[in-house]
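Here is the structure we will look at, set down as structure tokens.
Quantities reported herein were computed from a predicted structural model and do not represent experimental measurements. Residue indices begin at 1 and follow the sequence shown.
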Amino acid sequence: MPVTRDIVATYKGPRRVVRRLLDAGPREDRALVILVAACGVIFIAQWPRLAREAHLTGQELNPMLGGALLAWIFIAPLILYTLALISHGLARVLGAKGTGYGARVALFWALLATSPIMLLHGLVAGFIGPGPGLQAVGLIWLSFFGWFWVAGWLEAEWSKA
């Protein structure tokens, strides 16, 4: 199934999508591509906010974009791999029988599936700026990300399939 259909399907039932990804077999390259795609979209989502900041403060935009690129494409994946390892360790302590790959897919997919909301967050940050609208979109993103991650994590770690 194309990734865009999987993203839409995740909003209807995140466990089914994660199960479908896991049933395709453990492929670390797939998990890495999901992560890099999510981080790439989130990096792009930062552009409007950074352009606004550069305009309002008189700073140069390119170094700001370079910093965001370094953060989202090189540093964030390392942090997210560590977070997936910690979540898998927690599941093992609680008695789960899942794999580290499943924990990574659950986290990385939750990030990619919520990346359209991050694009909206970036647009609100760039065109409207700080305020209740930006906070509302951030809360919406956090809610969906939490739901998708927990549902996927439960499917990956405790599912009998």
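M118 is connected to L83 through a chain of hydrophobic side-chain contacts under 4.5 Å among Ile, Leu, Val, Met, Phe, Trp and Tyr, so both are in one cluster. Note on I44 and V33: separate hydrophobic clusters, where clusters join Ile, Leu, Val, Met, Phe, Trp and Tyr whose side-chain heavy atoms are under 4.5 Å apart, directly or indirectly. Hydrophobic clustering, with ILVMFWY side chains joined whenever heavy atoms are under 4.5 angstrom apart, groups L22 together with W158. In the hydrophobic cluster analysis, where Ile, Leu, Val, Met, Phe, Trp and Tyr join through side-chain heavy atoms closer than 4.5 angstrom, V3 is grouped together with V36. In this structure, L90 is a member of the same hydrophobic cluster as V105, with clusters built from ILVMFWY side-chain heavy atoms closer than 4.5 Å.
Residues W149 and W109 form no side-chain contact, since every pair of their non-hydrogen atoms from C-beta on lies 4.5 Å or further apart. Proximity of S115 to L112: side-chain heavy atoms (C-beta onward) are separated by under 4.5 Å at one or more points. Between L111 and I42, the closest side-chain pair of non-hydrogen atoms falls below 4.5 Å. L65 places a side-chain heavy atom less than 4.5 Å from the side chain of L61.
Paired with F145 under the rule side chain to side chain contact (heavy atoms under 4.5 Å, CB included), one option of W147, W141, F148 passes, and it is W141.
Annotation: the span from L69 atom CG to N62 atom CG amounts to 11.5 Å, rounded to 0.5 Å. Atom CG of L32 and atom CD1 of I34 lie 9.5 Å apart (nearest 0.5 Å). Atom CZ of residue F43 and atom CD1 of residue I73 lie 6.5 Å apart, to the nearest 0.5 angstrom. The CZ atom of F144 lies 11.0 Å from the OG1 atom of T10; values are rounded to the nearest 0.5 Å. Between the CZ atom of R52 and the CG atom of L50 there is a distance of 12.5 Å, given to the nearest 0.5 Å.
Remark: E28 engages R104 in a salt bridge, criterion side-chain N to carboxylate O under 4.0 Å.
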(message) side chain to side chain contact (heavy atoms under 4.5 Å, CB included) for W153 and R15? Distances and angles first, verdict last.
(response) CA-CA 9 Å; W153 183 68; R15 288 185 78 147; over 6 Å; no
(request) Determine, step by step, whether R92 and E157 satisfy the salt bridge (Lys or Arg N to Asp or Glu O under 4.0 Å) criterion, reporting the C-alpha distance in whole Å, the side-chain angles of both residues, the deciding distance to 0.1 Å, and the verdict. (result) CA-CA 8 Å; R92 297 294 287 196; E157 296 289 356; over 6 Å; no
(request) Tell me, with the steps shown, if F108 and Y81 meet ring pair (Phe, Tyr, Trp, His ring centres under 6.0 Å). (result) CA-CA 9 Å; F108 301 166; Y81 264 97; 5.0 Å; yes
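The minimum heavy-atom distance linking G98 with H88 is given by the pair O-CE1, 3.2 Å. The nearest pair of heavy atoms linking T82 to L78 is OG1-O, 2.9 Å. The nearest pair of heavy atoms linking H121 to L134 is NE2-CD1, 3.4 Å. The minimum heavy-atom distance linking D6 with R20 is given by the pair OD1-NH2, 2.9 Å. Of all the heavy atoms in C39 and W72, the pair that sits closest is CB-O, 3.0 Å. Across every non-hydrogen atom of L107 and A84, the tightest pair is CD2-N, 3.8 Å.
The environment of OH in Y11 is crowded: more than 12 heavy-atom neighbours from other residues, nucleotides or ligands sit within 6.0 Å.
Here the side chain of R16 pairs no donor or acceptor atom with the backbone of A9 at under 3.5 angstrom. With S159 contributing its side chain and A156 its backbone, the two residues share no donor-acceptor pair below 3.5 Å.
E53 and T57 form no side-chain donor-acceptor contact under 3.5 Å, judged by distance and modelled atom types alone.
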